[in-house]
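This report concerns only the one structure given below.
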Number of protein chains: 2
Amino acid sequence: MSTIPEAQTEAVIKEKAKSLFFQKGFLNATTQEIADEAGVNRALIHYYFRSRDQLMDTLLEEAVNEKREKARAVLSSALPFREKISLYIDIVVEYGLKYPFLENFIITETARNPEKVKVLCQTKIKSSDLIRKDLEEEIAKGRLLPITAEHFVINLISLCNYPLLAKTVLQNMHGMSDTAYRKFLQDRKEIIYHAIFHEPLPRITRKEEHPHHPKPAKQ
Amino acid sequence: MSTIPEAQTEAVIKEKAKSLFFQKGFLNATTQEIADEAGVNRALIHYYFRSRDQLMDTLLEEAVNEKREKARAVLSSALPFREKISLYIDIVVEYGLKYPFLENFIITETARNPEKVKVLCQTKIKSSDLIRKDLEEEIAKGRLLPITAEHFVINLISLCNYPLLAKTVLQNMHGMSDTAYRKFLQDRKEIIYHAIFHEPLPRITRKEEHPHHPKPAKQ
DNA sequence: GTTTCGTTTAACAATTTTGTTAAACATAAA
DNA sequence: TTTATGTTTAACAAAATTGTTAAACGAAAC
């Protein structure tokens, strides 16, 4: 039917474009540069995505959905509140390590095109709504100082995401190698938990703990 | 000598370009768009700045220096530690209200041109160095839970800056008008102080407190 | 008034970038 | 082998963008 059907050119283009934007941070990459990265002819980008803008929209939408799903999965789980948050930090930081410039991309694209945000957010279940009940219970039990769910979540994502956004600056300012920077972010998992709850991470550090497989529990 | 000498075309271009990049968040603005914003002929941008890249470099350098000086002024003052931090939050948030996309610009430009960071940071007095002594004293006196100066500062600037970076997204997600967003950031001053020190802001809120005039004290 | 000199402008040139298209290509079906 | 169909390519066209330049302009000095 088609040439090299298993290569899935469309997916390759998206994958390499993601790499270019989200990992290498080249937010002004041209269609030619994307094509080069994917090792395909530039016209294929138009063949599959019609225009550069539509490719960008696709990438943006998928990225936002992916992040949203990650957040939703953890925050709406049945885990105890602090376990949830701990897991959330872990996942966001790990994800940020993989795609250091994703947040930057989201922010830049939405700034360029503010009406695009409405489409992205209209069906969005806000993270703050997902943890509001838990949070209010914690506060009622006196286990946490009063704070609104909105500010709580924004504190959390600020602490997780800013060091990713500022990667280049931080790395140079503190003379960190790439491995040193990774270590730095690993350390931050505990720091963030501490800043949020004003107490150390419970028990063992949870570096390898987040599940890649469905939970065994079901009954 | 010159046409409209008091107009200071060069300064107007820089000012309007700053407005375009830092306030409106149009990070891909062309020279034509900058010229239109400034109400001048596009060639003047080359006349004064030689190339688009050099204009960008100038803006970037000035922005970074301005921010650095603001931070340095507060953090190296003789105020008590918590006063310093409180003032710092106030200034950073206010500055962020004025230039919501400045951080974004810095991050994008340095990502596009990583060697530019070295020039910007080589003489930089790190904020973490400015508060290290204070911080260690606070910790030694048992008034603050142990944390490194680096993480402390990064927590602080993360909490201050991320909500500015994510302005467009946050505003749309929570359906905030511009005034509601300003109010939200005002509220955050206290929230941030609270997250950092695990206790409420001392005494009166300090909305109008930061001095625009030199301090009376001298002797 | 004219000269001078820095500033401003319009017009031009070169380059980059996006988007289109017709032809070439490869595979599967006939 | 031929045909049909979806994919890929090179070449082209159009638009956008940057950078240059010669001429126009305007205020101050002569």
Side-chain angles (χ1 to χ4, degrees), chain A residues 1-22 24-62 101 105 108-113 115-116, chain B residues 1-22 24-61 101 105 108-109 111-113 115-116:
Chain A
M1 189 210 286
S2 70
T3 307
I4 325 172
E6 47 268 301
Q8 288 294 55
T9 310
E10 184 176 354
V12 171
I13 292 173
K14 277 205 305 207
E15 198 52 47
K16 295 297 185 179
K18 273 170 71 176
S19 161
L20 205 55
F21 289 116
F22 305 163
K24 302 188 179 172
F26 198 175
L27 267 52
N28 297 321
T30 64
T31 53
Q32 185 61 62
E33 287 164 326
I34 297 168
D36 289 348
E37 189 80 6
V40 301
N41 187 287
R42 191 173 57 82
L44 283 184
I45 287 167
H46 294 98
Y47 178 74
Y48 284 110
F49 301 97
R50 190 166 195 88
S51 74
R52 183 181 188 279
D53 258 17
Q54 258 179 262
L55 169 60
M56 300 295 264
D57 287 354
T58 303
L59 292 176
L60 179 62
E61 198 166 330
E62 285 192 13
F101 293 94
F105 180 83
T108 306
E109 282 303 299
T110 52
R112 230 181 41 135
N113 219 349
E115 67 269 29
K116 196 57 52 58
Chain B
M1 189 206 289
S2 70
T3 308
I4 325 171
E6 46 269 302
Q8 288 294 51
T9 310
E10 184 175 355
V12 171
I13 292 172
K14 278 204 304 208
E15 200 50 49
K16 295 297 185 178
K18 274 170 72 175
S19 160
L20 205 54
F21 288 116
F22 306 163
K24 301 189 180 170
F26 198 175
L27 267 52
N28 297 321
T30 64
T31 53
Q32 185 61 64
E33 287 164 326
I34 297 167
D36 289 348
E37 189 79 8
V40 301
N41 187 287
R42 192 174 56 81
L44 282 184
I45 287 168
H46 295 98
Y47 179 74
Y48 284 109
F49 300 97
R50 189 164 196 88
S51 73
R52 183 181 189 280
D53 258 16
Q54 257 179 261
L55 170 59
M56 300 295 263
D57 287 353
T58 303
L59 292 176
L60 179 62
E61 198 166 330
F101 294 94
F105 180 83
T108 305
E109 282 302 299
R112 229 181 41 135
N113 218 348
E115 68 270 27
K116 195 57 53 58

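Convention: sequence-line order gives letters A, B, ...; per-chain numbering from 1. This one's a predicted model, so the numbers in the text were calculated from it and none came from an experiment.
Taking the nucleotide of DNA chain D with the nearest heavy atom to each of Glu33(B) and Val40(A), the more 5' of the two is matched to Val40(A).
For His46(A) and dC12(D), the NE2 to P distance is 18 Å, given to the nearest whole Å. Atom CZ in Arg52(B) sits roughly 17 Å away from atom P in dA16(D) (whole-Å rounding). Whole-Å rounding puts the Gln54(B) CD to dG19(D) P distance at 10 Å. Going from atom CD1 of Ile34(B) over to atom C1' of dA16(D) covers 15 Å, rounded to whole Å. With rounding to whole Å, Asn41(A) atom CG is found 15 Å from dG19(C) atom P. The interatomic distance linking Gln32(A) (CD) with dT15(C) (P) rounds to 17 Å, in whole Å. Distance Arg42(B) CZ to dA11(C) C1': 11 Å, rounded to the nearest Å. One can place OH of Tyr48(B) at 12 Å from P of dG6(C), the figure rounded to the nearest angstrom.
Residue Ser51(A) places none of its side-chain N or O atoms closer than 4.0 Å to OP1 or OP2 of dT18(C). Distances shown here put every side-chain N or O of Thr30(A) at or beyond 4.0 Å from the OP1 or OP2 atom of dT16(C). Checking the phosphate oxygens (OP1, OP2) of dT17(D), no side-chain nitrogen or oxygen of Thr31(B) falls inside 4.0 Å. Not one side-chain nitrogen or oxygen of Tyr47(B) sits closer than 4.0 Å to the OP1 or OP2 atom of dG6(C).
Taking only distance into account, the side chain of Arg50(A) never meets the base of dG19(C) through a donor-acceptor pair shorter than 3.5 Å.
Scanning both residues, Ile34(B) and Ala17(B), for their nearest heavy atoms gives CG2-CB, 3.8 Å. Of all heavy-atom pairs spanning Glu37(B) and Ser19(B), the tightest one is OE2-OG, 3.9 Å.
Of the charged side-chain nitrogens involved, at least one lies within less than 4.0 Å of a carboxylate oxygen, so that Glu62(A) and Lys14(A) count as a salt-bridged pair.
The side chain of Thr9(A) has dT7(D) as its nearest neighbour among dT20(D), dT7(D), dT18(C). You'll find that the side chain of Leu44(B) is closest to dT8(C), out of dT21(C), dG19(D), dT8(C).
Between the side chains of Asn113(A) and Glu109(A), not a single donor N or O lies within less than 3.5 Å of an accepting N or O.
Counting heavy atoms from C-beta outward, Val12(A) and Glu15(A) have side chains that stay 4.5 Å or more apart.
In this structure, Phe49(B) reaches neither bases nor backbone, as no heavy-atom distance under 4.0 Å exists between it and the strands shown.
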